[in-house]
Amino acid sequence: MDCDIKDRGLAEAGSHRIAWAARDMPVLKRIAEDFAREKPLQGKRIAACLHVTTETANLMKALKAGGAEVYLCASNPLSTQDDVAASLVVNDGIPVFAIKGEDNKTYYSHIRSVLDIRPHVTMDDGADLVSTLHSSYGAWVKEMIGGTEETTTGVIRLKSMAKNGVLGFPVVAINDSQTKHLFDNRYGTGQSTLDGIMRATNRLFAGSAVVVAGYGWCGRGIARRAQGLGARVIVTEIEPVKALEAVMDGYSVMPMAQAAKVGDFFITVTGNINVVGKPAFDAMKDGAIVCNSGHFNVEIDLPYLESISSGKSTLRDFVEEYVTRDGRKIMVLGEGRLINLAAAEGHPAQVMDMSFANQALGASYLVKNHGSLPKDVLTLPESVDREIASRKLEALGVAIERLTPEQEKYLASWEQGT
Ligand code: ADE
C-alpha cells in the first residue's frame, strides 16, 4: 500500500490508544454501526487532511465502514501521532501520509499524495486540501461532490473563496454546528491547550498572569480553565462585545502592549497574524512563556523575536529559549504551532466524538444531496445538531424534559399575555 509514515512497528501501541479513545466516542460508534449497515459512502473516495490522532483514527474507521475509500494526511506538520498513523496503515488498511515533525515541503507532498486519488469528497482542518485542490488540480474541481471543514480558520478561508467566486463545490462548515464549536472549541481547546503548556513546561499556573489573546469560543475555554487553576487571567480582544463579555466574566481586559508588561504566559487563539509582535516582545518580562493554540503558526511574530535576539537554544522538548540583546529570556513553545497538538494529544475523545459525528454525517449529507447543494459554505441542518446532542446525552445517561401538549400549545399561541 502506498503510504508515508514513520514506523510500521508502532502499530500495536497505536491500536491500543485508538481503542482507548473509542470508549469515549459513543456517538461516532453508533454512526459507524449505521454506516456499516447502510453504506452511505459506498465507492466514494475521501481525501482527509486532519490531525492524525486517536480520535481521527476512529473517524477514518467509521468512514471506511460506510463504504468509503479513505486516504489521510496531516493538517499540521507537528500534530501527527506516529503510532496512530502506523496502526491505520497496518491494522485498518487505510493509507496515511504523515510523519510528526515533517518539514513544509513534505507536508505539501503528503497533501498532494491524498489528492492524487482524485477524491469525491475532501475533509479538511484548515482548508489546505481545498486550497491546494483549487490551485493545483483545477480540472478535478468540477468532479467533486463536496468537502467538509473542521475549524474556524478553515471556514474563514473558504468563505473568502466563496465570496470571490472561486469555490468550486459545496463545503460543509463543521465548525458552525453547535455540537462542534460549543464543546470542541470551548472545552476541548480549553483543556488541551493548558495540557500542552503543562506537559511542555511543567510550570505552575496558580499565581501566574495568563494573557489570552482572543475571546472566541477557544479563548473563553482557555481563560476559564486557567482561572480554575488559580491564574490571574488577562484577555486581549478587538471586538467590543466579546471584550465586554470577558470583563463581565471577571477577567482584566487591556491592549497587548500593556498586558505584555505583566504576563507570565501568553496564549494566542485569534486566527490572525502577529498578535504577539513587536509591541509585546519589546515590553515582555524576562522569563515570559509564549505559545499559540490557533490553527496556523502565524500569530506569534517569530521573525521579529529572532531579529531582537542574540541566540536561541532548546531547553526541553517544545521549549525554545530566545535571549534578547537587552538580556531578557523569552520562551516560545512548539515553534508557535498549536501547542495542544504539538506537546499534548489534542482535545479529549469526549468532545471529538461530537465534532467527528458532525464530520461523518457531513460527508454522508454531501453524498446524499449530491447535485442539489450550492457551491458555497454550508451549515448542517439543525436537526443533525439536535440528533448528535440527543445521542450524546443518551450515552451519558442524562434524561431531559419534554414539552407537554399544553406547553406546546402555549408556545405556539400569541393570545395569552399578562
Ligand atoms: N483537533 C483538536 N484536537 C484534536 C484531536 N484530538 N483529534 C483531531 N483533531 C483535533
Side-chain angles (χ1 to χ4, degrees), residues 14 17-25 27-29 46 48-63 70 72-85 87-88 94 96 98 100 107 114 122-129 148-155 173-175 177 179-199 216-222 225 267-269 271 291-297 334 337-360 362-363:
R17 294 201 317 109
I18 292 167
W20 173 256
R23 294 158 60 124
D24 289 317
M25 303 184 85
V27 180
L28 185 65
K29 179 168 179 250
I46 299 185
C49 177
L50 299 169
H51 301 298
V52 181
T53 64
T54 53
E55 293 76 24
T56 298
N58 284 298
L59 171 62
M60 295 300 104
K61 289 164 72 156
L63 299 175
V70 195
L72 174 65
C73 67
S75 59
N76 186 289
L78 270 190
S79 62
T80 297
Q81 297 171 7
D82 291 313
D83 57 344
V84 169
S87 178
L88 282 172
I94 294 177
V96 181
K100 186 169 177 116
Y107 173 77
V114 304
T122 55
M123 198 166 266
D124 245 325
D125 188 335
D128 280 346
L129 211 49
T148 62
E149 169 53 53
E150 171 82 0
T151 200
T152 319
T153 296
V155 171
I174 300 302
N175 193 66
S177 294
T179 45
K180 199 280 184 179
H181 64 257
L182 291 179
F183 302 92
D184 171 315
N185 301 25
R186 181 166 39 174
Y187 303 110
T189 309
Q191 176 166 323
S192 63
T193 299
L194 295 187
D195 184 17
I197 298 169
M198 288 191 274
R199 289 197 207 191
W217 290 112
C218 296
R220 290 176 178 113
I222 293 169
R225 294 294 168 255
I267 308 169
T268 56
V269 267
C291 68
N292 166 55
S293 216
H295 186 80
F296 288 120
N297 58 333
R337 297 191 189 275
L338 11 82
I339 193 62
N340 60 338
L341 282 139
E345 294 167 69
H347 308 345
Q350 284 96 333
V351 288
M352 293 314 295
D353 186 25
M354 290 182 283
S355 307
F356 285 167
N358 276 287
Q359 284 281 11

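Counting starts at 1 for both ligands and their atoms, in listed order.
Remark: minimum distance from atom 1 (N) of ligand 1 to any protein heavy atom is reached at His51 CD2, 3.6 Å. For atom 7 (N) of ligand 1, the closest non-hydrogen atom on the protein side is Thr53 OG1, 2.7 Å. Looking only at protein heavy atoms, the nearest one to atom 10 (C) of ligand 1 is Met352 CE, 3.6 Å.
Residues satisfying the side-chain hydrogen bond (donor to acceptor under 3.5 Å, both in side chains) test with Arg186, not counting sequence neighbours, are none.
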**Request:** Carefully, step by step, assess Gln191 and Val351 under the rule side chain to side chain contact (heavy atoms under 4.5 Å, CB included).
**Result:** CA-CA 11 Å; Gln191 176 166 323; Val351 288; over 6 Å; no
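Residue Thr56 approaches ligand 1 through these ligand atoms, each under 4.0 Å from one of its heavy atoms: 7 (N), 8 (C). For ligand 1, the atoms sitting less than 4.0 Å from at least one non-hydrogen atom of Phe356 are 8 (C), numbered in the order shown with element in parentheses. Residue Glu345 approaches ligand 1 through these ligand atoms, each under 4.0 Å from one of its heavy atoms: 6 (N). If you number the atoms of ligand 1 from 1 as listed, the ones under 4.0 Å from a heavy atom of Glu55 come out as 5 (C), 6 (N), 7 (N).
The shortest separation from a heavy atom of Leu341 to ligand 1 is under 4.0 Å, placing the residue in contact. Proximity of Glu150 to ligand 1 is not established, as no heavy-atom distance is less than 4.0 Å.
Looking at Phe356 and Val27, their side chains never come closer than 4.5 Å, going by heavy atoms from C-beta outward. Taking the side chain as every heavy atom from C-beta outward, Glu150 and Lys180 approach each other to under 4.5 Å. Side-chain contact between Asn76 and Asp125 is absent, with no heavy-atom pair separated by less than 4.5 Å.
Screening residues 346-360 for salt bridge (Lys or Arg N to Asp or Glu O under 4.0 Å), with sequence neighbours left out, gives Asp353-Lys392.
In terms of polar-atom proximity, Asp125 is not counted as a contact of ligand 1, lacking any N or O under 3.5 Å from an N or O of the ligand. Taking distance alone, with nitrogen or oxygen atoms compared against 3.5 Å, His347 approaches ligand 1 more closely than that limit.
Crowding of Lys100 atom NZ: a count of heavy atoms from other residues, nucleotides or ligands under 6.0 Å exceeding 12.
For the side-chain hydrogen bond (donor to acceptor under 3.5 Å, both in side chains) criterion with Arg17, the lone passing option out of Asp83, Thr54, Thr53 is Asp83.
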